Enquirer: 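Take a look at this one; I'll ask things after.
Note that the structure is a prediction, hence the values are computed from the model and not measured. Both backbone and side-chain heavy atoms feed into the values below; hydrogens, waters and symmetry mates do not.
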Amino acid sequence: MRSLRLFFSDDTGRNGQLVIASPESQYKILHFHNGGLEKLVDIFKDWNLFAREKKKKNADVPCKVFDIIRPNLDDSDMHPEEGVHSILSEEEWRLFMNELGQISDEGYLRKKLFFGGIEPSIRHQVWPFLLHYYPFSSSHEDREMIRNQKFILYQNIRAKRDTFGEAEKAEFWRKVQVIIDKDVVRTDRTHPYYKGVGNPNIEVMRNILLNYAASNPDIGYTQGMSDLLAPLLAELQDESMAYWCFDGLMRRTIFVSSPRDNDIDRQLRYLRELIRLLVPSFYDYLSRQKPDAMELLFSHRWILLCFKREFEEKDVLRIWEACWAHHQTDYFHLFFCAAIISIYGDDVLEQNLPIDEMLLHFSNLAMHMNANIVLRTARCLLHKFRLLPRIPCSLHDICSLCSPGMWDSGHIPVVECLRNHGYHTTDDCPFGGY
């Protein structure tokens with residue numbers, strides 16, 4: 001046995017996981033959903049003291065590490081506004097609208113969603129605004145007209161597939177439809193909206209993905225898109241609206257990174273720099289490993305699938321809403337990645353894990369991380385980033401798109417060029433480098 005750890009998953013100090021790791025990086029995970037984990041603490045504390053005493057005399061002691069990891073944060077590790085904003089209720093949602101139905105304070109609404117989230121019962125009303133289906137300035141009358149126009153546009157897109165010639169149909173079937181047909185039947189099948197044999201909602205999800213691929217041949221379909229669409233359709237329960245919200249998610253939000261090399265490379269470049277600034281001990285460890293370590297392979301699934309495979313759905317939707325809020329940054333998902341590393345990366349350093357075991361370590365954390373703690377840590381890291389006196393030019397663009405802006409507090413950091421950073425390849429760096 002290489003290590004034994006207790007992960008408490010809530011604030012009661014009773015539920016969580018017992019994780020046992022072998023020297024070959026094989027993991028056994030025992031789940032405690034109804035209490036009892038706290039009873040192991042005293043027992044293992046006594047055993048751990050005995051194990052450590054033996055280790056001084058015998059280097060072959062079976063267990064090298066025993067840790068108790070509790071989900072808590074000090075006040076210094078939290079954003080100053082943490083806990084100030086409650087979840088958005090239906091009553092509050094109505095108060096954000098004026099007599100015409102227009103959102104009266106978009107900035108404050110985004111802040112509230114960023115910190116508090118959305119009551120599940122009104123997600124179908126709020127998400128279309130966050131995913132570019134409705135403008136925040138639209139009135140009740142405007143939204144009725146938008147729904148009708150987009151419904152007609154969607155029907156035209158559906159009809160487009162019927163106009164394919166035989167050769168075009170064969171190519172579409174081979175490159176797109178076969179993959180979609182395989183993916184949809186295994187996507188979220190335990191969710192009440194999709195479970196059961198012959199569930200018609202599976203066919204609706206299939207149609208949306210086929211229509212999206214046909215309408216966007218430059219993007220097409222890649223595995224994982226069904227994972228992003230399924231929660232949208234389950235919450236909105238409207239085929240046309242789900243299509244256009246999915247289109248907004250894929251096209252107009254930085255939160256989703258396509259599998260194209262230039263897209264994922266840009267995201268990883270930003271994440272590397274954030275780790276260097278915000279989790280320097282982990283960055284130093286990576287820099288001492290093989291060059292491949294800086295590829296951050298363990299984070300690729302986080303970014304491409306938007307944490308869908310890392311957390312339970314109720315937590316995933318809360319994470320998505322915080323990212324869709326675009327409060328103070330368009331790249332909150334990268335701060336969320338840095339928060340995971342900040343919380344769960346210590347094991348990598350303590351056990352000196354090589355690249356392959358590092359990948360396995362983070363993969364085995366899936367469904368065992370505390371989303372609430374990671375969210376609060378991510379907001380804290382964002383706050384710390386915004387207070388930095390200097391930022392590298394390679395992170396300048398991470399601040400440039402969000403409105404009212406990353407630096408709305410009045411503090412604007414100095415941007416300094418790293419020189420020879422490889423980010424600007426043809427033009428001189430506007431901040432002094434090449």
Enquirer: State which residues pass salt bridge (charged side-chain N to carboxylate O under 4.0 Å, His left out) with E171; sequence neighbours excluded, sorted by chain then number.
Expert: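 Residues passing salt bridge (charged side-chain N to carboxylate O under 4.0 Å, His left out) with E171: K175.
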Enquirer: Below 4.5 Å, heavy atoms only, C-beta onward: do D227 and R309 meet side chain to side chain?
Expert: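 Sidechains of R309 and D227: in contact.
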Enquirer: Starting at NE2 of H361, measure out to CD of Q351 and round the result to the nearest 0.5 Å.
Expert: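 One finds 7.5 Å between NE2 of H361 and CD of Q351.
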Enquirer: Tell me every residue that passes side chain to side chain donor-acceptor pair (under 3.5 Å) with R276, counting only those two or more places apart in sequence or in another chain.
Expert: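 Side chain to side chain donor-acceptor pair (under 3.5 Å) list for R276, sorted by chain: E273.
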Enquirer: Can you name the side chain to side chain donor-acceptor pair (under 3.5 Å) partners of N199, sequence neighbours left out?
Expert: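 Applying side chain to side chain donor-acceptor pair (under 3.5 Å) to N199 gives N201.
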Enquirer: According to salt bridge (charged side-chain N to carboxylate O under 4.0 Å, His left out), who are the partners of R206, at least two apart in sequence or on a separate chain?
Expert: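 Residues passing salt bridge (charged side-chain N to carboxylate O under 4.0 Å, His left out) with R206: D181, E203.
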Enquirer: Counting C-beta onward and ignoring hydrogens, is there a side-chain heavy-atom pair between L360 and D356 closer than 4.5 Å?
Expert: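 Counting from C-beta outward, L360 and D356 never come under 4.5 Å.
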Enquirer: What pairs meet the side chain to side chain donor-acceptor pair (under 3.5 Å) rule with one or both residues in residues 288-308, with sequence neighbours excluded?
Expert: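 Qualifying pairs, neighbours excluded: D188-K308, R301-E310.
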Enquirer: Run the numbers on C337 and F307 for side-chain contact (heavy atoms from CB on, under 4.5 Å), then give the verdict.
Expert: CA-CA 9 Å; C337 292; F307 313 105; 3.7 Å; yes
Enquirer: Hydrogens and angles aside, do W93 and Q125 bring a side-chain donor and acceptor to less than 3.5 Å of each other?
Expert: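 Indeed, the side chains of W93 and Q125 share at least one donor-acceptor pair under 3.5 Å.
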Enquirer: Would you compute the distance between atom CZ of R272 and atom CG of L277 and round it to the nearest 0.5 angstrom?
Expert: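 It is 13.5 Å, given to the nearest 0.5 Å.
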Enquirer: For a 4.5 angstrom cut-off between non-hydrogen side-chain atoms, does L249 reach W324?
Expert: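 Yes - at least one pair of side-chain heavy atoms lies under 4.5 Å apart.
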Enquirer: Can you tell me how far apart CZ (F385) and CG (L382) are? Round to the nearest 0.5 Å.
Expert: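 CG of L382 is found 8.5 Å from CZ of F385.
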Enquirer: Which heavy atom of V84 sits nearest a heavy atom of P80, and at what distance?
Expert: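 Answer, listing the atom of V84 first, then P80: CG2-O, 4.4 Å.
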Enquirer: Mind checking side chain to side chain contact (heavy atoms under 4.5 Å, CB included) for A339 and listing every partner two or more places apart, or none if nothing turns up?
Expert: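 Partners of A339 under the side chain to side chain contact (heavy atoms under 4.5 Å, CB included) test: V374, T377, A378, L381.
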Enquirer: Name the residue from Y243, F246, Y133 that meets the ring-ring contact (aromatic ring centres under 6.0 Å, His included) definition with Y154.
Expert: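 Among Y243, F246, Y133, the one that satisfies the ring-ring contact (aromatic ring centres under 6.0 Å, His included) with Y154 is Y243.
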Enquirer: Take L274 and Y331 through the side-chain contact (heavy atoms from CB on, under 4.5 Å) test and state the conclusion after the steps.
Expert: CA-CA 11 Å; L274 287 177; Y331 291 88; 6.0 Å; no
Enquirer: Scan Y270, F115, F114 and name whichever one has a ring-ring contact (aromatic ring centres under 6.0 Å, His included) with F332.
Expert: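 By the ring-ring contact (aromatic ring centres under 6.0 Å, His included) criterion, F332 pairs with just one of Y270, F115, F114: F114.
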Enquirer: Is there a side-chain contact between W244 and L153 (heavy atoms, below 4.5 Å)?
Expert: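 The answer is yes; the side chains approach within 4.5 Å.
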Enquirer: Considering non-hydrogen atoms only, spot the tightest contact between E235 and P120 and give its length.
Expert: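 Heavy atoms only, the tightest pair is OE1-O, 4.0 Å.
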Enquirer: Taking salt bridge (charged side-chain N to carboxylate O under 4.0 Å, His left out) as the test, write out the residues that go with R143, two or more places apart.
Expert: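 Here no residue qualifies.
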Enquirer: Do the side chains of L296 and F298 get nearer than 4.5 Å, heavy atoms only?
Expert: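 Answer yes - side chains close enough.
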Enquirer: Testing the basics here: between L113 and L88, what is the closest heavy-atom pair and its distance to 0.1 Å?
Expert: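 Heavy atoms of L113 and L88 come nearest at CD2-CD2, 3.6 Å.
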Enquirer: State which residues pass salt bridge (charged side-chain N to carboxylate O under 4.0 Å, His left out) with R94; sequence neighbours excluded, sorted by chain then number.
Expert: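 Partners of R94 by the salt bridge (charged side-chain N to carboxylate O under 4.0 Å, His left out) criterion, ordered by chain and then number, come out as E90.
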Enquirer: So, F336 versus F311, ring centres under 6.0 angstrom or not?
Expert: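 Yes, the ring of F336 comes within the 6.0 Å limit of the ring of F311, centre to centre.
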Enquirer: Are Q237 and Y193 packed together at the side-chain level, in the sense that at least one heavy-atom pair is separated by less than 4.5 angstrom?
Expert: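 Side chain of Q237 against side chain of Y193, heavy atoms only: contact under 4.5 Å found.
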Enquirer: Residues two or more places apart in sequence or in another chain: which of them pass side chain to side chain donor-acceptor pair (under 3.5 Å) with T187?
Expert: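 S226.
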Enquirer: Could you tell me whether the side chain of H124 and the main chain of S121 form a donor-acceptor pair under 3.5 Å?
Expert: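 Yes; at least one donor-acceptor contact below 3.5 Å.
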Enquirer: Could you give me the CA-CA distance, side-chain angles and deciding distance for K169 and W173, then say whether side-chain contact (heavy atoms from CB on, under 4.5 Å) is met?
Expert: CA-CA 6 Å; K169 283 181 180 179; W173 180 85; over 6 Å; no
Enquirer: How many angstroms lie between atom OG of S86 and atom NZ of K112, to the nearest 0.5 angstrom?
Expert: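 Going from the OG atom of S86 to the NZ atom of K112 covers 3.0 Å.
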Enquirer: Are any side-chain N or O atoms of H383 and backbone N or O atoms of E81, one a donor and one an acceptor, separated by less than 3.5 Å?
Expert: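 No, because the side chain of H383 does not come within donor-acceptor range (under 3.5 Å) of the backbone of E81.
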Enquirer: The criterion is side chain to side chain contact (heavy atoms under 4.5 Å, CB included); which residues satisfy it with L95, sequence neighbours excluded?
Expert: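 Per chain and number, L95 pairs via side chain to side chain contact (heavy atoms under 4.5 Å, CB included) with no residue.
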Enquirer: State, with a plain yes or no, whether a side-chain heavy atom of D347 is found less than 4.5 Å away from one of F362.
Expert: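 SC-SC contact between D347 and F362 ruled out.
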Enquirer: If you define the side chain from C-beta out and look only at heavy atoms, does anything of M241 sit under 4.5 Å from L131?
Expert: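 M241 vs L131: side chains apart.
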Enquirer: Pair M97, H140 - check side-chain contact (heavy atoms from CB on, under 4.5 Å), show working.
Expert: CA-CA 10 Å; M97 298 184 188; H140 292 304; 4.0 Å; yes
Enquirer: For the backbone of V185 and the side chain of R189, can you confirm whether one donor and one acceptor N or O come within less than 3.5 Å of each other?
Expert: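 Yes, the answer is positive, given that a donor and an acceptor are paired below the 3.5 Å cut-off.
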Enquirer: Taking all non-hydrogen atoms of both residues, which atom of K160 and which atom of T163 are closest, and how far apart?
Expert: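 Closest approach of K160 to T163: O-OG1, 2.6 Å.
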Enquirer: Using side chain to side chain donor-acceptor pair (under 3.5 Å) as the criterion, list what pairs up with S139, not counting sequence neighbours.
Expert: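 By the side chain to side chain donor-acceptor pair (under 3.5 Å) rule, S139 matches D142.
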Enquirer: Tell me the closest heavy-atom pair linking D183 and G224, and the distance in Å.
Expert: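 Closest approach of D183 to G224: OD2-N, 4.2 Å.
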Enquirer: Would you give the length of the straight line joining atom NZ of K150 to atom CG of D247, rounded to the nearest 0.5 angstrom?
Expert: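 The distance works out to 7.5 Å.
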Enquirer: In terms of heavy-atom contacts, does CZ of F151 have more than 12 from other residues, nucleotides or ligands at under 6.0 Å?
Expert: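 No, not enclosed.
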Enquirer: With no hydrogens and no angle check, do the side chains of Q267 and H333 hold a donor and an acceptor under 3.5 Å apart?
Expert: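 Distance-only check passes for Q267 and H333.
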Enquirer: State whether R390 and E416 are salt-bridged, where the test is any N-O pair (Lys NZ or Arg NE/NH1/NH2 against Asp/Glu carboxylate O) under 4.0 Å.
Expert: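 Answer for the salt bridge query: yes.
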Enquirer: Which residues pass the side chain to side chain contact (heavy atoms under 4.5 Å, CB included) test with S363, sequence neighbours left out?
Expert: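 Result, side chain to side chain contact (heavy atoms under 4.5 Å, CB included) vs S363: L359.
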Enquirer: Supply the atom-to-atom distance E321 CD to I319 CD1, rounded to the nearest 0.5 angstrom.
Expert: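 Result: 10.5 Å between the selected atoms.
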Enquirer: Over all heavy atoms of both residues, which pair between I355 and A293 is shortest? Give the atoms and the distance, please.
Expert: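 Between these two residues, the closest heavy atoms are CD1-N, 3.5 Å.
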